[in-house]
*Asks:* 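One structure coming up, written as C-alpha cells, with questions to follow.
Numbered from 1 within each chain, the chains take letters A, B, ... in sequence-line order.
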2 protein chains.
Amino acid sequence: MSSDGFLLPLRLFVGFRQLIDGVHAELAREGHPELRPLHGFVFQAIGRDGTTAVDLGKRLGVSKQAAGKTLDGLERLGYVERSTDPHDARRKLVRLTDRGVEVLTRSAQIFDELRAEWAARIGADRLDELERDLVTVTGAEAFRLDVPGWFGG
Amino acid sequence: MSSDGFLLPLRLFVGFRQLIDGVHAELAREGHPELRPLHGFVFQAIGRDGTTAVDLGKRLGVSKQAAGKTLDGLERLGYVERSTDPHDARRKLVRLTDRGVEVLTRSAQIFDELRAEWAARIGADRLDELERDLVTVTGAEAFRLDVPGWFGG
DNA sequence: TAAGATGGTCAACGTGGTTGTCCAAAACGT
DNA sequence: ACGTTTTGGACAACCACGTTGACCATCTTA
C-alpha cells in the first residue's frame with residue numbers, strides 16, 4: 001500500500017531544505033553570504049523587540065550557553081548587538097541591528113515568494129490544504145533549534 | 001493572502017522531526033537507544049548489499065572522510081562490520097550486521113505505522129495527495145546527509 | 001540581612017563536517 | 001612490462017554547534 005513509509009519523512013525534509021536553501025541563496029546574493037539556515041530561526045526568535053540569551057535558549061529549546069554562542073557569532077557578523085539592561089545589571093539585551101532587521105524582513109518576503117511558486121505549481125488551494133493537513137497532523141509544536149545536535153550528535 | 005510564508009518550512013520540518021523522533025523513540029524502546037536520526041539514513045544508504053565508505057559518501061552527499069567517521073561509530077556500536085574485498089585489497093566492504101538489518105527492517109515497519117497514523121488523522125487520500133504534491137513541488141532530489149553541517153556549520 | 005534564584009561567561013568534551021596530505025593497491029597507456 | 005595516474009582509506013588539523021558543570025555578580029525573597 002500506498003507508498004513506502006520512508007518516502008514521507010524524506011519528502012518533508014527535502015521540501016524544508018529546498019525552501020531554506022532558496023531563501024539563503026537569495027540572501028547570499030543580496031549581501032548576506034555568511035548566514036546559515038540556523039540563523040534565520042534565531043533572527044525570528046529574537047524578533048524586533050530583542051531578547052536575552054537565556055530567553056532565546058528557552059524559545060529555541062537549547063541551553064543558554066548554546067544560545068549565547070550563536071549570539072556571539074551573529075554579533076561578530078554585525079547582525080545583532082548587546083546592551084546592558086538599565087533595570088537589571090545582570091541582563092544583556094540582545095537586539096537586531098538594522099542589518100539584522102533587513103534580513104528578517106527580506107526572509108519573510110522571500111519565503112512568501114517561494115510559497116507562491118509552490119502554489120503556482122500545485123495550485124493555491126492544494127498548498128493551503130497541504131499546510132492545513134500538516135498542522136492537523138503535527139499539532140502545535142514549537143520549533144527546536146538543536147537541529148545539528150538532534151540529528152547527528 | 002493565504003498564510004505566512006514562514007509557516008510552510010516550519011511545518012514541513014516539524015512533520016519530519018516528529019516522524020523521525022517517533023521511529024527513534026520506538027527503536028530506543030526496542031533496545032537501540034544509541035541510534036541517532038542520522039544513522040537511520042546511513043542504514044538505508046548501506047542497504048542489505050553493503051557498500052564502501054567512498055560510495056556511501058557519494059550517496060549521502062558528504063565527503064568520504066565524513067562517511068568513514070560515521071561508519072566508525074556504527075561499527076563501534078555493532079551495527080556494521082567491515083571486511084576486505086577479496087578482489088581489491090584497497091576496498092573495505094561495509095555490511096550491516098544482523099543487528100543492523102534488524103534496525104533497518106523495524107524502521108521501515110515503524111515508518112509505515114506512523115504513516116498509517118497520519119492517514120487515520122487526515123484521511124488516506126489526503127495523505128497520498130500531500131505526498132504527491134510534495135513530490136511534484138520538490139522534484140527528484142536526493143537526500144543529503146550533511147544536515148548538521150548544512151544547518152549549523 | 002542572609003539565603004536563594006537568575007543571567008552570563010568560561011572551560012571541557014563529544015559529534016559531525018570540511019579540507020589537505022599520504023600511502024598502498026588497482027587501472028591505464030605507451 | 002613498466003611507469004604513471006586514479007582510487008580507497010586513514011590521519012591530522014580545524015571549525016561549528018550542542019551538552020554539562022562550575023563560578024561570579026546581581027536581583028529577589030523570606
Side-chain angles (χ1 to χ4, degrees), chain A residues 17 24 33-42 45-46 50-77 79-95 143-153, chain B residues 17 24 33-42 45-46 50-77 79-95 143-153:
Chain A
R17 181 150 182 176
H24 283 276
E34 317 243 42
L35 291 178
R36 312 265 55 210
L38 177 73
H39 296 136
F41 295 93
V42 177
I46 295 173
T51 17
T52 65
V54 167
D55 185 53
L56 183 62
K58 280 180 190 156
R59 291 191 198 181
L60 298 175
V62 299
S63 66
K64 60 181 182 177
Q65 294 93 327
K69 276 192 201 179
T70 302
L71 253 12
D72 287 342
L74 249 23
E75 188 175 30
R76 195 160 25 78
L77 293 174
Y79 290 104
V80 140
E81 58 190 2
R82 299 191 222 221
S83 57
T84 55
D85 184 333
H87 300 305
D88 187 335
R90 292 171 305 177
R91 310 183 79 202
K92 291 194 179 170
L93 294 175
V94 178
R95 259 174 220 297
F143 183 83
R144 312 232 123 214
L145 193 62
D146 63 336
V147 179
W150 163 73
F151 195 70
Chain B
R17 183 151 180 173
H24 283 276
E34 318 240 43
L35 291 178
R36 312 267 50 212
L38 177 72
H39 297 138
F41 295 93
V42 178
I46 295 173
T51 16
T52 64
V54 167
D55 185 53
L56 183 62
K58 279 179 191 159
R59 290 190 199 182
L60 298 174
V62 298
S63 65
K64 60 181 183 178
Q65 293 92 330
K69 278 194 200 178
T70 302
L71 252 13
D72 288 342
L74 250 22
E75 187 174 32
R76 194 160 24 79
L77 292 174
Y79 291 105
V80 140
E81 58 189 3
R82 298 190 222 221
S83 58
T84 55
D85 184 334
H87 300 304
D88 187 336
R90 293 170 305 174
R91 309 182 79 198
K92 291 195 178 168
L93 294 176
V94 179
R95 260 173 220 294
F143 183 83
R144 311 232 125 215
L145 192 63
D146 62 337
V147 179
W150 164 74
F151 195 71

*Asks:* Should the ring pair B/Phe41 and A/Phe151 be called parallel, tilted or perpendicular, given that the plane angle runs from 0 to 90° and is split at 30 and 60?
*Replies:*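 Tilted, since the angle between the ring planes falls between 30° and 60°.
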
*Asks:* Which nucleotide wins on minimum distance to the side chain of B/Gln65, given the candidates D/dT26, C/dT21, D/dG18?
*Replies:*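 Out of D/dT26, C/dT21, D/dG18, the nucleotide with an atom closest to B/Gln65's side chain is C/dT21.
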
*Asks:* Can a side chain N or O of A/Arg82 be found less than 4.0 Å away from OP1 or OP2 on C/dT9?
*Replies:*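 Checking C/dT9 against A/Arg82, a side-chain N or O does come within under 4.0 Å of OP1 or OP2.
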
*Asks:* Taking NZ, NE, NH1 and NH2 as the nitrogens, is one of them in B/Arg76 or B/Asp72 under 4.0 Å from a carboxylate oxygen of the other?
*Replies:*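 Looking at B/Asp72 together with B/Arg76, the answer is no, because their closest N to O distance does not fall below 4.0 Å.
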
*Asks:* When you match A/Gly61 and A/Pro86 each to their closest nucleotide on DNA chain D, which lands nearer the 5' end?
*Replies:*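 Counting from the 5' end, the first nearest nucleotide belongs to A/Gly61.
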
*Asks:* Given D/dG9, C/dG17, D/dT26, which nucleotide is nearest the side-chain atoms of A/Asp88?
*Replies:*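 For A/Asp88, the side-chain atoms sit closest to D/dT26.
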
*Asks:* With respect to the side chain of A/Leu38, which nucleotide from D/dG18, C/dG17, D/dG9 is positioned closest?
*Replies:*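 Per side-chain heavy atoms of A/Leu38, the pick is D/dG18.
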
*Asks:* Figure out the CG/C1' separation between A/Asp72 and C/dG7, and round it to whole Å.
*Replies:*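 The answer, rounded to whole Å, is 14 Å.
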
*Asks:* Measure from CG on B/Asp55 to P on D/dG9 and round the result to the nearest Å.
*Replies:*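 Distance, rounded to whole Å: 9 Å.
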
*Asks:* Would you say D/dG8 has OP1 or OP2 under 4.0 Å from some side-chain N or O of B/Thr52?
*Replies:*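 Answer no for this pair, as no side-chain N or O of B/Thr52 is under 4.0 Å from OP1 or OP2.
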
*Asks:* Closest approach to the side chain of B/Ala89, judged atom by atom: which nucleotide of C/dG8, C/dA26, C/dT18 is it?
*Replies:*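 So the side chain of B/Ala89 is nearest to C/dA26.
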
*Asks:* Would you kindly compare B/Lys92 and B/Phe151 by the position of their nearest DNA chain D nucleotide and give the one closer to the 5′ end?
*Replies:*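 By nearest-heavy-atom nucleotide position, the 5'-most residue is B/Lys92.
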
*Asks:* Would one find a side-chain N or O of A/Thr84 under 4.0 angstrom from OP1 or OP2 of C/dG7?
*Replies:*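 For C/dG7, OP1/OP2 do not have a side-chain N/O of A/Thr84 under 4.0 Å.
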
*Asks:* Ignoring hydrogens and geometry beyond distance, is the side chain of B/Lys64 in donor-acceptor contact with the base of D/dG9 at under 3.5 Å?
*Replies:*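 Counting by modelled atom types and ignoring angles, a donor-acceptor contact under 3.5 Å is found here.
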
*Asks:* Kindly indicate whether the side chain of A/His39, heavy atoms from C-beta on, has any atom under 4.5 Å from the side chain of A/Leu74.
*Replies:*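 Contact flag for A/His39/A/Leu74 side chains = yes.
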
*Asks:* Would you say CZ of A/Arg144 has more than 12 non-hydrogen atoms from neighbouring residues, nucleotides or ligands within 6.0 angstrom?
*Replies:*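 Open: at most 12 neighbouring heavy atoms sit under 6.0 Å from CZ of A/Arg144.
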
*Asks:* When the distance from CG of A/Leu56 to C1' of C/dT6 is rounded to whole Å, what number comes out?
*Replies:*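 Going from A/Leu56 (CG) to C/dT6 (C1'), I get 17 Å.
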
*Asks:* Which sits closer to the 5' end of DNA chain C, A/Gly68 or B/Arg76, going by the nucleotide each is nearest to?
*Replies:*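 It is A/Gly68 whose nearest nucleotide is closer to the 5' end.
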
*Asks:* Is there a side-chain polar atom (N or O) of B/Ser63 under 4.0 Å from OP1 or OP2 of C/dG17?
*Replies:*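 So the side-chain polar atoms of B/Ser63 never come under 4.0 Å of the phosphate oxygens OP1 or OP2 of C/dG17.
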
*Asks:* Ignoring the backbone of A/Arg91, work out which of C/dG8, D/dG9, D/dC17 is nearest its side chain.
*Replies:*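 Nucleotide nearest to A/Arg91's side chain: C/dG8.
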
*Asks:* To the nearest Å, how far apart are A/Leu93 CG and C/dT6 C1'?
*Replies:*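 After rounding, the gap between these two atoms is 15 Å.
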
*Asks:* Tell me what A/Leu145 touches on the nucleic acid: a base, only sugar-phosphate, or nothing, going by heavy atoms under 4.0 Å.
*Replies:*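 The answer is sugar-phosphate, as A/Leu145 gets under 4.0 Å only of primed atoms, P, OP1 or OP2.
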
*Asks:* Starting at NZ of A/Lys58 and ending at P of C/dG8, how long is that distance when rounded to a whole Å?
*Replies:*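 Going from NZ in A/Lys58 over to P in C/dG8 covers 10 Å.
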
*Asks:* For the atom pair CG (A/Asp146) and CZ (B/Arg17), what is the distance rounded to the nearest 0.5 Å?
*Replies:*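 Result: 4.5 Å between the selected atoms.
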
*Asks:* Whole-Å distance between C/dG17 P and A/Arg36 CZ?
*Replies:*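 Distance check: A/Arg36 CZ to C/dG17 P gives 14 Å.
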
*Asks:* Hey, could you give me the OG1/CG distance between A/Thr70 and A/Leu56, rounded to the nearest 0.5 Å?
*Replies:*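 CG of A/Leu56 is found 7.5 Å from OG1 of A/Thr70.
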
*Asks:* Between atom CG in B/Leu74 and atom P in C/dT15, what is the gap in whole Å?
*Replies:*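 Distance check: B/Leu74 CG to C/dT15 P gives 13 Å.
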
*Asks:* Could you check which of D/dT19, C/dG17, C/dA26 has an atom nearest any side-chain atom of B/Arg90?
*Replies:*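 Selected nucleotide (nearest to the side chain): C/dA26.
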
*Asks:* If you take atom types as modelled and just measure distance, does the side chain of A/Lys69 reach the base of D/dG18 with a donor-acceptor pair under 3.5 Å?
*Replies:*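 Yes.
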
*Asks:* Rounding to an integer number of Å, can you tell me how far A/Leu35 CG sits from D/dA16 P?
*Replies:*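 A/Leu35 atom CG is separated from D/dA16 atom P by 14 Å.
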
